[in-house]
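Both counts, for ligands and for their atoms, begin at 1 and track the order of listing.
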Amino acid sequence: MNKLFIYYSLTNNGDKVADYYKDKGYDIRKIEVKKKLPKIFFFRIMTGGFKALINYKEKLINFDNNIDNYNEIIIGSPIWFDRLSTPVRTALNKLNLENKTIHFVLYSGSGTGKKAEEFINKNYSSAKITILKEPNKYNDELKKLD
Ligand SMILES: Cc1cc2nc3c(=O)[nH]c(=O)nc-3n(C[C@H](O)[C@H](O)[C@H](O)COP(=O)(O)O)c2cc1C
């Protein structure tokens with residue numbers, strides 16, 4: 001059966017993970033949002049952190065939620081304010097992951113994301129979770145996916 005990596009990335013760490021899975025034969029679907037976070041670091045962190053805190057519903061661009069042809073789904077998300085990013089939270093609401101093998105690959109500045117893990121354990125109890133510390137900076141982190 002086919003395997004799919006669905007992910008969001010604002011600053012390209014997720015794209016590096018996508019390249020890894022592409023090489024392994026996965027199909028790739030990148031989540032795109034209508035309104036990106038501000039470019040200036042301070043405003044980006046404040047806006048994204050607040051959005052994550054209130055579980056803001058993003059407007060996604062052409063998100064294809066048909067995953068009928070796949071039995072293994074990997075979800076990739078940056079960590080925002082210790083949580084899943086809001087583009088990924090919004091996409092998850094549109095996906096029926098029942099009866100799928102699910103793996104979450106998270107990428108963060110610290111290599112942790114406690115609230116995100118709690119959310120996944122509560123809502124997708126069978127899912128495997130791997131957290132990477134910014135793979136663009138720390139190449140070896142991708143080895144955790146082998
Ligand atoms: C709005 C925002 C909030 C963030 N919050 C956290 C955080 O709580 N903990 C952490 O370790 N990193 C945090 N980061 C850093 C990102 O998780 C990290 O840089 C990640 O690798 C980005 O992935 P991307 O480049 O694919 O977007 C945050 C970044 C942004 C933009």
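- Residue Asp64 comes nearest to Arg29 through the heavy atom pair O-NH1, 2.7 Å, listed as atom of the first residue, atom of the second, then distance.
- In this structure, the side chain of Thr101 does not engage the main chain of Glu72 through any donor-acceptor pair within 3.5 Å.
- Close contacts of ligand 1 with Tyr107, meaning ligand atoms under 4.0 Å from a residue heavy atom, involve 17 (O), 20 (C), 21 (O), 23 (O), 26 (O).
- Taking atom 24 (P) of ligand 1 as the reference point, the nearest protein heavy-atom neighbour is Thr11 OG1, 3.4 Å.
- When only non-hydrogen protein atoms are considered, atom 2 (C) of ligand 1 lies nearest to Trp80 CD1, 3.5 Å.
- Residues Lys51 and Glu58 are paired through a salt bridge, judged by an N-O separation under 4.0 Å between the basic side chain and the carboxylate.
- Between the side chain of Lys100 and the main chain of Ile67, a donor-acceptor pair closer than 3.5 Å is present.
- When non-hydrogen atoms are compared, ligand 1 lies under 4.0 Å from the backbone of Phe81 (N, CA, C, O) but not from its side chain.
- Shown here is Lys94, whose NZ atom has no more than 12 heavy atoms of other residues, nucleotides or ligands within 6.0 Å.
- If you look at Asn12 next to ligand 1, the close heavy atoms, those under 4.0 Å, all belong to the backbone.
- Ligand-side atoms of ligand 1 in range of Gly14: 26 (O), range being under 4.0 angstrom from any heavy atom.
- Between the Tyr107 side chain and the Gly76 main chain, a donor and an acceptor come within less than 3.5 Å of each other.
- Protein heavy atom closest to atom 8 (O) of ligand 1, with residue, atom name and distance, is Asp82 N, 2.8 Å.
- Within the listing of ligand 1, atoms 18 (C), 19 (O), 21 (O) sit less than 4.0 angstrom from a heavy atom of Glu134.
- The Ser9 neighbourhood of ligand 1 comprises atoms 24 (P), 25 (O), 26 (O), 27 (O), with distances under 4.0 Å to a heavy atom of that residue.
- Note: Tyr124 and Phe104 have tilted aromatic rings, judged against thresholds of 30 and 60 degrees for the angle between ring planes.
- For ligand 1, the atoms sitting less than 4.0 Å from at least one non-hydrogen atom of Asn13 are 21 (O), 22 (C), 23 (O), 24 (P), 25 (O), 26 (O), numbered in the order shown with element in parentheses.
- The closest side-chain donor-acceptor pair between Tyr138 and Asn13, if any, does not fall under 3.5 angstrom.
- In terms of polar-atom proximity, defined here as any N/O pair under 3.5 Å, Gly49 makes no such contact with ligand 1.
- Thr47 places a side-chain N or O within 3.5 Å of a backbone atom of Phe43 that can act as its donor or acceptor partner.
- Distances between N or O atoms of Tyr8 and those of ligand 1 include no value under 3.5 Å.
- For Arg44, heavy-atom contacts with ligand 1 shorter than 4.0 Å involve the backbone as well as the side chain.
- Under the 3.5 Å distance criterion, the side-chain polar atoms of Lys3 are left unmatched by any main-chain donor or acceptor of Asp27.
- The Gly48 neighbourhood of ligand 1 comprises atoms 1 (C), with distances under 4.0 Å to a heavy atom of that residue.
- In terms of polar-atom proximity, defined here as any N/O pair under 3.5 Å, Gly109 does make such a contact with ligand 1.
- In this structure, the protein non-hydrogen atom closest to atom 27 (O) of ligand 1 is Leu10 N, 2.7 Å.
- In terms of polar-atom proximity, Ile79 is counted as a contact of ligand 1, with an N or O under 3.5 Å from an N or O of the ligand.
- Using modelled atom types, one side-chain atom of Asp82 and one backbone atom of Lys114 make a donor-acceptor pair closer than 3.5 Å.
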